[in-house]
Amino acid sequence: MTEPSTSHELEARGIVLSYGDNVVLDKLSLSLDTTRLTGLIGPNGAGKSTLFSVLSGFMKSQAGDVVYLGQTLGRMPPEQRARLGLMRTFQVPREFRHLTVLENMLAAPWDQPGESLTALLLRRSAVRRSEQAHIEQANEWLRFLRLDHVASTPAGQLSGGQKKLLELGRILMLKPRCVLLDEPYAGVNPVLIEQISERIRELHARGIGFVIVEHNLHALSRLVDRMLVLDGGRLLAEGTPGEVLADPRVQAAYMGA
């Protein structure tokens, strides 16, 4: 029988994922406190993004379980995990390039009545009220993310950092409980890195947990209060950023020793 997890944990239990002879996740077990700001680091090829894909349901492991809020997720698809509040971003943002920033935000919410032909024909006033509420919510999040000045801009014209913020904004339209952020600082200038960090801190203060994969260890160590290190698909170390970055095993892994 699977032991229940605590109400705030996201757990990987004995996760195995391989491509032929290439083992990416090697019986990996770890627990992530979804109420905290947690960093997940490791050298290239350590299995970090693959773990995110397994946790969020975009990839299926050959063995092991993912447990979230006490529930074993099994083969649950990504959209059902997202409805539980567990969501992820990607290393390369996946914006709708030809839609405006605001339109990208409005594409996110669940079960919009305007998607139903019956509602469009018979419940027009309800559809209009729902659309207006979503517009107000989207504009509120765009102001929070400092993207309101580009609301009418096609998303494909945004800078790399702005695209990262927009991807986070679309997730916020879905009321997340825990967000898996995959390299939010990659390709982002230092000013926007600090802006992204500030928004994450504010969202965390509102009760949203974050697990963050990132190669910019300096910026990440200033943001998170806990770090976990993967190497070769296994958990190598965990602790505070200071403890982890001073660990000789972590230093050796990054140096390729």
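- Applying the under-4.5 Å side-chain rule to Ile, Leu, Val, Met, Phe, Trp and Tyr, the cluster around F58 extends to F90.
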L86 and L73: side-chain contact (heavy atoms from CB on, under 4.5 Å), yes or no, with the steps?
-> CA-CA 11 Å; L86 177 62; L73 303 186; 4.3 Å; yes
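- Listed by first then second residue, pairs satisfying salt bridge (charged side-chain N to carboxylate O under 4.0 Å, His left out) with a partner in residues 232-255 read D26-R234, R226-E238, D247-R249, not counting sequence neighbours.
- A heavy-atom distance below 4.5 Å is found between the side chains of L228 and L32.
- Looking at L166 and P93, their side chains never come closer than 4.5 Å, going by heavy atoms from C-beta outward.
- Taken from CE in M227 to CG in L220, the straight-line distance is 4.0 Å, to the nearest 0.5 Å.
- Across every non-hydrogen atom of M76 and K60, the tightest pair is O-NZ, 3.4 Å.
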Pair L147-Q162, side-chain contact (heavy atoms from CB on, under 4.5 Å): steps then yes or no | CA-CA 7 Å; L147 291 176; Q162 289 173 326; 4.0 Å; yes
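- In this structure, S29 contributes its side chain and G14 its backbone to a donor-acceptor pair below 3.5 Å.
- Hydrophobic cluster membership differs between L99 and L145, with clusters built from Ile, Leu, Val, Met, Phe, Trp and Tyr side chains linked at under 4.5 angstrom.
- Side-chain atoms of I200 and L181, non-hydrogen and from C-beta on, do get closer than 4.5 Å to each other.
- At a threshold of 4.5 Å between non-hydrogen side-chain atoms, the residues S61 and L25 do not count as touching.
- Counting all heavy atoms, side chain and backbone alike, S159 lies closest to L192 at OG-CD1, 3.7 Å.
- Between L165 and R146 the shortest side-chain heavy-atom distance does not fall below 4.5 Å.
- Side-chain contact of T72 with D65: a donor-acceptor pair under 3.5 Å is absent, judged by distance alone.
- Looking only at distances, a side-chain donor or acceptor of K48 sits under 3.5 Å from a matching main-chain atom of G42.
- Considering all non-hydrogen atoms of both residues, A138 and L102 come closest at CB-CD1, 3.7 Å.
- Closest non-hydrogen pair, P176 versus I208, comes out as O-CG1, 3.8 Å.
- Side-chain heavy atoms closer than 4.5 Å link hydrophobic residues (I, L, V, M, F, W, Y) into clusters, and following such links, even through other members, never connects V54 to V16.
- Using a 4.5 Å cut-off between side-chain heavy atoms of Ile, Leu, Val, Met, Phe, Trp and Tyr, with links allowed through other members, F144 and F210 fall into the same hydrophobic cluster.
- Residue-environment remark: CZ (R94) stays at or below the threshold of 12 foreign heavy atoms within 6.0 Å.
- Expressed to the nearest 0.5 Å, how far CE of M87 lies from CG of L174 amounts to 4.5 Å.
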Test N104 against R170 for side-chain contact (heavy atoms from CB on, under 4.5 Å), laying out the working first.
-> CA-CA 7 Å; N104 267 265; R170 291 191 300 184; 3.3 Å; yes
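- Cation-pi contact between R222 and Y185: absent, since separation from the ring centre below 6.0 Å together with deviation from the ring axis within 45° is not met.
- Ion pairing between E194 and R201 holds under the 4.0 Å rule for side-chain N and carboxylate O.
- In this structure, M105 CE and I171 CD1 are separated by 11.0 Å, a value rounded to the nearest 0.5 Å.
- Contact of the L203 side chain with the L172 side chain is registered, since non-hydrogen atoms from C-beta on lie closer than 4.5 Å.
- Taking CE from M173 and NZ from K175, the interatomic distance works out to 7.5 Å, rounded to the nearest 0.5 Å.
- The two residues L40 and L230 come nearest to each other via the heavy atoms CD1-CG, 3.9 Å.
- Between the T38 side chain and the T34 main chain, no donor and acceptor come within less than 3.5 Å of each other.
- Remark: the backbone N or O of Q91 is paired with a side-chain donor or acceptor of K164 at under 3.5 angstrom.
- The pair R143-E140 does not meet the salt-bridge criterion, since no charged nitrogen lies less than 4.0 angstrom from a carboxylate oxygen.
- Residues P43 and D231 share a closest heavy-atom pair of CG-OD1, 3.4 Å.
- Cluster partners of V23: none. The rule joins Ile, Leu, Val, Met, Phe, Trp and Tyr whenever side-chain heavy atoms lie under 4.5 Å apart, and it links nothing here.
- Looking at E214, its side chain does come within 3.5 Å of a backbone N or O of N216 through a donor-acceptor pair.
- No more than 12 heavy atoms of other residues, nucleotides or ligands shown are found within 6.0 angstrom of CZ on F96.
- Taking CD of E167 as the reference point, atom OG1 of T89 lies at 5.0 Å (rounded to 0.5 Å).
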Criterion side-chain contact (heavy atoms from CB on, under 4.5 Å) on L17 and L28, from CA distance to verdict | CA-CA 9 Å; L17 192 145; L28 176 63; over 6 Å; no
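- In this structure, L10 CG and C178 SG are separated by 6.0 Å, a value rounded to the nearest 0.5 Å.
- When side chains are defined from C-beta on, D182 does not count as touching L180, because their heavy atoms never get closer than 4.5 Å.
- Listed for the E11 side chain is no donor-acceptor partner under 3.5 Å among the backbone atoms of L30.
- Residue-environment remark: NE2 (H215) exceeds the threshold of 12 foreign heavy atoms within 6.0 Å.
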